[in-house]
Amino acid sequence: MGKSRAHLKSEDGRCAVREVPTPLRARTAPNVLEEVMRRKGVDEAWDALEQMHAEGKTTDKYTVSRMLMKTVGDGQAHLDPTRAYRGISLVEKFIELQPEDVDEVLFNALLDTCCRLKDLKRLESCVSWMRRLKVKPSPITLGILVKTYGQAGDLDKVLAAWDEMEEQRGLANSVTYGCMLDACVKCGNLQKAVEVFKGMRDTGKHKNTILYTTMIKGYGLHKDLENALKLFREMPEQQVPYNTITYNSILEACVKCGDTSSAEEILDQMARTEYEIEPDLISYSTVLKGYCQNGELLKALCVFEEMKERKLRCDELVYNTLMEGCVKSDDWKAGCGLFGEMVSRGLRPSAITASILSRLFQRVGHEDADDKVASLFSLFQLERPQPAERGPRARNARGGKGPPPSPGAVAGMPGAARPTVRGPRKIRLVWVNHNDLTRPHPK
DNA sequence: GTAGGGTTAG
């Protein structure tokens, strides 16, 4: 067993095993992994580590933690669970073989990987292993724990970890606090978030943009616009700078509370008075959504025009939001016009688009609303998309994330290969002008 | 070699 193997720790922190006769070979082992990772990629490096484990060769915690981080990416890239679990297993193997060589940083990397995989069981087994090996958790460990429990919606465990790890809490920095506030907000416990935030503010610690923004989001979710705005206005007084996310969060709070005029004012402030911040697609879409929800379709269309003037790439979501606004305002002509424009711009309507259109036709009294939708799709030579999946993968139907279903898959559906084209002429789309389809038809 | 906030709709 690896545990019985004696280890030699060299000055540079790398390890050699007694069985390896040439110190040179032993010392180059970690570099071999780095080299493989650099030249052939991290998967090959895991292969090499597996091979080294089989041969009883050792490596160091720095290399394996770098390998793990590289495997799970920076959070932007898509996480591949198979590769991540393989990384976890091989790091665990490393810990089994070289338990004297592990530290808190390596465990944190492991815990963070479990967090990204949303695997609470694995996380908890790593925590107890950490305890058994007497590796002391740091405030970073505390942050990862509350973050993981927070994203799982397990408020009791968030609070338990925060309460129990008193020493780490005392050493908490702004990132730890950020994890905690976000966890409370995600679990819907604004009260605790406020308590932690106030405690932090009273001691004068850690005032920053992220912490304020998290609290604004929390108030927004609780439809407490008054307090959200209060914090928003407090930021400049406290010399805490805004960023795009802060603005988008307060805009979302205004819209959630139905206060479109505050949203408009803030968007205006963002566009005119901030030098380094430009409203982005999300800022405009949020305000646009607010108008649509309030039945202020014309104002929404004005925002839409402004977005185009600013050369923002309006996506399927923007069009769906606007068409939803047409349903609310009983304007089926504008809805169809938007559909035409969406298609002519190369955007791919989804099942959600189809269901919005169906409601649009129902609203104006068409009993054969679904047939009308089918006609509209076939008019633009489009297959009508399959209804959105239910369950956890349903978000793939949201257009933005995940690959679109292949046309073959749609065509392969029984009965879907040739969608019925029934009475397309019943809908007179004479006013569909591909150059300007955004305004409701005058007549 | 480790940790925090925003992605719009049915």
**OP:** Applying salt bridge (charged side-chain N to carboxylate O under 4.0 Å, His left out), run through A/Arg359 and A/Glu324 and close with a yes or a no.
**Re:** CA-CA 9 Å; A/Arg359 275 183 293 117; A/Glu324 194 70 61; 2.8 Å; yes
**OP:** Go through A/Tyr319 and A/Phe304 one step at a time and tell me if the ring pair (Phe, Tyr, Trp, His ring centres under 6.0 Å) criterion holds.
**Re:** CA-CA 9 Å; A/Tyr319 282 93; A/Phe304 184 49; 5.3 Å; yes
Original post:
Are A/Glu383 and A/Arg348 close enough, and set up right, to give a salt bridge (charged side-chain N to carboxylate O under 4.0 Å, His left out), and what steps lead you there?
Top reply: CA-CA 10 Å; A/Glu383 298 280 355; A/Arg348 198 174 165 282; over 6 Å; no
Subject >> ring pair (Phe, Tyr, Trp, His ring centres under 6.0 Å) between A/Phe339 and A/Phe377, intermediate numbers included >> reply: CA-CA 9 Å; A/Phe339 179 79; A/Phe377 273 79; 5.0 Å; yes
Original post:
When you look at A/Met323 and A/Met342, which way does the side-chain contact (heavy atoms from CB on, under 4.5 Å) test go after all the steps?
Top reply: CA-CA 11 Å; A/Met323 283 185 262; A/Met342 169 182 192; 3.5 Å; yes
Original post:
Could you go step by step and tell me if A/Thr214 and A/Asp182 meet the side chain to side chain donor-acceptor pair (under 3.5 Å) rule?
Top reply: CA-CA 6 Å; A/Thr214 306; A/Asp182 188 53; 5.2 Å; no
**OP:** Take A/Tyr85 and A/Trp46, measure what ring pair (Phe, Tyr, Trp, His ring centres under 6.0 Å) needs, and give me the verdict at the end.
**Re:** CA-CA 12 Å; A/Tyr85 275 115; A/Trp46 289 120; over 10 Å; no
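Here the C1' atom of nucleotide B/dT8 and the NZ atom of A/Lys217 are 14 Å apart, to the nearest Å.
Taking 3.5 Å as the limit, the base of B/dG5 and the side chain of A/Asn243 contain a donor-acceptor pair of atoms between them. Residue A/Thr214 places no side-chain atom within donor-acceptor reach of the base of B/dG5, judged by atom type and a 3.5 Å distance cut-off alone. Remark: the A/Asp60 side chain and the B/dG1 base include no donor-acceptor N/O pair separated by less than 3.5 Å.
Judged by distance alone, the side chain of A/Asp315 and the main-chain N or O of A/Val318 form a donor-acceptor pair under 3.5 Å.
Taking only side-chain atoms of A/Ile282, from C-beta outward, the nucleotide of B/dG6, B/dG5, B/dA3 with the closest atom is B/dG6. Closest approach to the A/Glu324 side chain among B/dG10, B/dT2, B/dG5 is made by B/dG10 (side chain taken as heavy atoms from C-beta onward). Taking only side-chain atoms of A/Asp315, from C-beta outward, the nucleotide of B/dT8, B/dG4, B/dG6 with the closest atom is B/dT8. Of the candidate nucleotides B/dG5, B/dA3, B/dT8, B/dA3 has the atom nearest to the side chain of A/Cys179. In the set B/dG1, B/dG6, B/dG4, B/dG1 carries the atom at the smallest distance from any side-chain atom of A/Leu106. You'll find that the side chain of A/Val175 is closest to B/dG4, out of B/dG10, B/dG6, B/dG4. When each of B/dG10, B/dT2, B/dG4 is scored by its nearest atom to the side-chain atoms of A/Glu104, the top-ranked nucleotide is B/dT2. Distances were taken from every side-chain heavy atom of A/Asp280 (C-beta onward) to each of B/dA3, B/dG6, B/dG5; the shortest belongs to B/dG6.
Side-chain nitrogen and oxygen atoms of A/Lys61 include none within less than 4.0 Å of the OP1 or OP2 phosphate oxygen of B/dG1. The phosphate of B/dT2 (OP1 or OP2) has no side-chain N or O of A/Arg66 nearer than 4.0 angstrom. For the pair A/Lys147 and B/dG4, the criterion of a side-chain N or O lying under 4.0 Å from OP1 or OP2 is met.
The two residues A/Val240 and A/Thr209 come nearest to each other via the heavy atoms CG1-N, 3.4 Å.
In this structure, A/Thr209 reaches the bases: a heavy-atom distance under 4.0 Å links it to at least one base atom across the strands shown. Contact annotation for A/Thr353: no contact, since no heavy-atom pair falls under 4.0 Å across all strands. Contacts of A/Leu211 with the nucleic acid, taken as non-hydrogen atoms under 4.0 Å apart, include base atoms. Among the protein residues, A/Ser174 comes within range of the nucleic acid bases, having at least one heavy atom under 4.0 Å from a base atom. Residue A/Leu181 is out of contact with every strand shown, counting any heavy-atom pair closer than 4.0 Å. Looking at heavy-atom distances under 4.0 Å, A/Leu281 makes contact with a base. Across all strands shown, A/Thr246 has heavy atoms under 4.0 Å from base atoms, whether or not it also approaches the sugar-phosphate. When heavy atoms are screened at a 4.0 angstrom cut-off, A/Ile356 is found touching no nucleic acid atom at all.
A heavy-atom distance below 4.0 Å to DNA chain B is reached by none of the residues of residues 152-170 of chain A. Residues of residues 108-115 of chain A having a heavy atom closer than 4.0 Å to DNA chain B, listed by number: A/Asn108, A/Asp112.
For A/Tyr247, the ring pair (Phe, Tyr, Trp, His ring centres under 6.0 Å) test picks out A/Phe232, A/Tyr242, with sequence neighbours left out.
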